[in-house]
Amino acid sequence: MVLMSVYSSMSLLAMAGDQTEVLLTKNNLVQETASGATSFLKEGISFRMDLLSYGTLRDPVDDSRLNAGNWLGISTWQKEVSVRPDIGLDLERFSFFVKPRGGVVYQKWTKGPLDGNSNTAEDFFVNEWLARVILTDELFISYGRENLQWGPAFLISPSNPFIKDNGRDNPKKEVAGLGYTRLLWVPHTNWSASLIANLDDGANSFFSRFNRKYAMKIDFTGFQKYWSMVLSHEESGCDTMGFLGGWSFSDAMLVYGESSVKTEYSHASDGVDLDFLVGGSYTFKTGPTLACEYFYNKNGNTDLIHGAFLSSNPVNPDDVLIRKNYGMMQLSEFKFKESVDYVLRWILDLDDGSNRFVGMLEYEMGDHWKIFGIGDIFSGSTDDEFGSLNDYSICTGLQWSY
């Protein structure tokens, strides 16, 4: 009996030891799995932060017919602090990013009905967010709010049926994201096709009424050349065919073009709008790049500038360039002396002869800090495009990036 009792006790202890080992093994597996999942998530998370503080000084024109008495309320002084985090999650078959934005803007007026007044406003919003799923190695689907851009031009993208502002007029001012659903198919390294639905105006505020748009975009990229075709339909009844392409003659010389033909159907009239841009750039051995462009807008205004905003005029006030003919020239260089970026730009309104001169300068101070300045000088009469709103505008600021 004693031996049997001892044997039973030893068996119970052995069984307890086995169970303890099993529990320890399970705990280790759970901890290893949790640790692996945490490590996997950490490797897929990305974060970037930009903090900008800048001020703008303007001299509004208050004796033009377009802005008589500064009734448009253009402020003389403006100070802004902007916080711009970018947060991303990139997993094996799923990716997500969000770009919340927040800022404080102070304005002061010295001309017009608001003379002597000042105002401080806060704004917090999500400019972009996007969720994307890789269905196969060739097929991608995404939904969200994004700034969808293409084309090489330095002011406007005529082939983009959703928004023509490409954000290069002032790189410190972000283009608002629009709501899209996209299906992307990449059957070959040289070819891709997209089905795009623009479902809402997102963070933007259009002057015109927003209408949903649907597009198919086909892209080809080859050796020293590329082209794209964009076919789109707007729920208001407009159909548009867009094209863009570029060809590199050499490492230094590039020629490019963009165009769109828009057909509008309405009870009042049927009309066709043709936009096209042709340009070229040459990069010198010393570093700078010289670019020249010509832009034509069939429905652009050619009369006195205030007439462009009359209801009887077919001009779209949401377009970046609202006149019929423009000539543009730009000299730019990036990483000049390893820490300086600069852009010198001249825009000529060929319909009224007015001019806009733009200078942009950015200096990197170490790994995280930049100081920048953007200046505009406008030349023309008070009935011309570039002489009717401001005489000049100067913006200087500081940017911290992490």
Side-chain angles (χ1 to χ4, degrees), residues 58-68 70-72 74 151-161 163-166 168-170 206-208 238 240 242-244 256-264 269 271-281 290-331 343-359 375-393:
R58 307 182 188 91
D59 185 17
V61 174
D62 59 353
D63 59 349
S64 67
R65 297 175 69 180
L66 184 61
N67 191 35
N70 195 26
W71 72 276
L72 293 176
I74 301 174
F154 49 79
L155 267 188
I156 190 171
S157 181
S159 66
N160 192 330
I163 185 167
K164 291 182 168 58
D165 182 3
N166 60 17
R168 296 171 188 164
D169 182 36
N170 182 349
F206 291 104
F207 290 102
S208 307
C238 303
T240 306
F243 175 83
L244 69 97
Y256 52 87
E258 282 196 63
S259 65
S260 67
V261 179
K262 182 176 181 179
T263 305
E264 300 186 56
S269 63
V272 175
D273 185 19
L274 168 66
D275 294 355
F276 71 82
L277 180 146
V278 292
S281 66
L290 178 65
C292 298
E293 295 181 356
Y294 168 73
F295 175 68
Y296 172 81
N297 176 13
K298 178 179 179 293
N299 283 346
N301 174 260
T302 57
D303 299 326
L304 301 180
I305 188 61
H306 68 276
F309 301 96
L310 299 177
S311 58
S312 59
N313 200 302
V315 171
N316 183 354
D318 290 308
D319 289 347
V320 181
L321 302 173
I322 60 174
R323 304 289 259 175
K324 181 167 286 190
N325 298 277
Y326 290 89
M328 294 171 278
M329 184 179 295
Q330 176 174 287
L331 183 70
V343 175
L344 301 174
R345 182 181 297 156
W346 172 39
I347 307 169
L348 172 63
D349 183 333
L350 294 168
D351 295 311
D352 61 29
S354 60
N355 301 267
R356 178 187 173 195
F357 302 93
V358 185
D376 291 79
I377 298 176
F378 303 91
S379 172
S381 75
T382 55
D383 287 326
D384 296 337
E385 178 182 11
F386 295 127
S388 58
L389 289 180
N390 291 296
D391 283 329
Y392 63 83
S393 174

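Being a predicted model, the structure only gives us computed values, none of them experimental.
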Would you say that [X] contacts [Y] through its side chain, given a criterion of any heavy-atom pair below 4.5 Å between the two side chains?
| X | Y | value |
| --- | --- | --- |
| Phe154 | Val343 | no |
| Lys262 | Asn299 | no |
| Ile74 | Asn390 | yes |
| Leu321 | Met328 | yes |
| Leu66 | Leu304 | no |
| Leu72 | Leu389 | yes |
| Leu350 | Tyr294 | yes |
| Asp349 | Phe386 | yes |

Under 3.5 Å: donor-acceptor pair, side chain of [X], backbone of [Y]:
| X | Y | answer |
| --- | --- | --- |
| Arg168 | Pro152 | yes |
| Asn67 | Val61 | yes |
| Asn355 | Gly353 | yes |
| Lys298 | Val272 | yes |

Return the [atom1] to [atom2] distance between [X] and [Y], rounded to the nearest 0.5 Å.
| X | Y | atom1 | atom2 | answer |
| --- | --- | --- | --- | --- |
| Asp376 | Ile347 | CG | CD1 | 8.0 Å |
| Leu348 | Ser354 | CG | OG | 7.5 Å |
| Asn160 | Leu244 | CG | CG | 9.5 Å |
| Ser388 | Asp62 | OG | CG | 12.5 Å |
| Ile156 | Lys164 | CD1 | NZ | 6.5 Å |
| Tyr392 | Ile377 | OH | CD1 | 10.5 Å |

> Using 30° and 60° as the class limits, which term best fits the ring planes of Phe357 and Trp346: parallel, tilted or perpendicular?
Replying inline: parallel

Measure across [X] and [Y] and return the closest heavy-atom pair with its distance rounded to 0.1 Å.
| X | Y | answer |
| --- | --- | --- |
| Leu344 | Gly359 | CD2-CA, 4.3 Å |
| Pro158 | Asp275 | CB-CB, 4.1 Å |
| Asn166 | Leu155 | OD1-O, 3.2 Å |

Verify the distance criterion only: is there a donor paired with an acceptor across the side chains of [X] and [Y] at less than 3.5 Å?
| X | Y | result |
| --- | --- | --- |
| Ser381 | Asp383 | no |
| Tyr256 | Glu293 | yes |
| Ser208 | Asp318 | yes |

> Among all residues two or more places apart in sequence or in another chain, which pass the ring-ring contact (aromatic ring centres under 6.0 Å, His included) test with Tyr296?
Replying inline: Phe276

> How would you list, by chain and number, every residue that makes a side chain to side chain donor-acceptor pair (under 3.5 Å) with Ser159, sequence neighbours excluded?
Replying inline: Trp150, Glu258

> Which residue, Asn301, Asp384, Asp351, forms the side chain to side chain donor-acceptor pair (under 3.5 Å) with Arg323?
Replying inline: Asn301

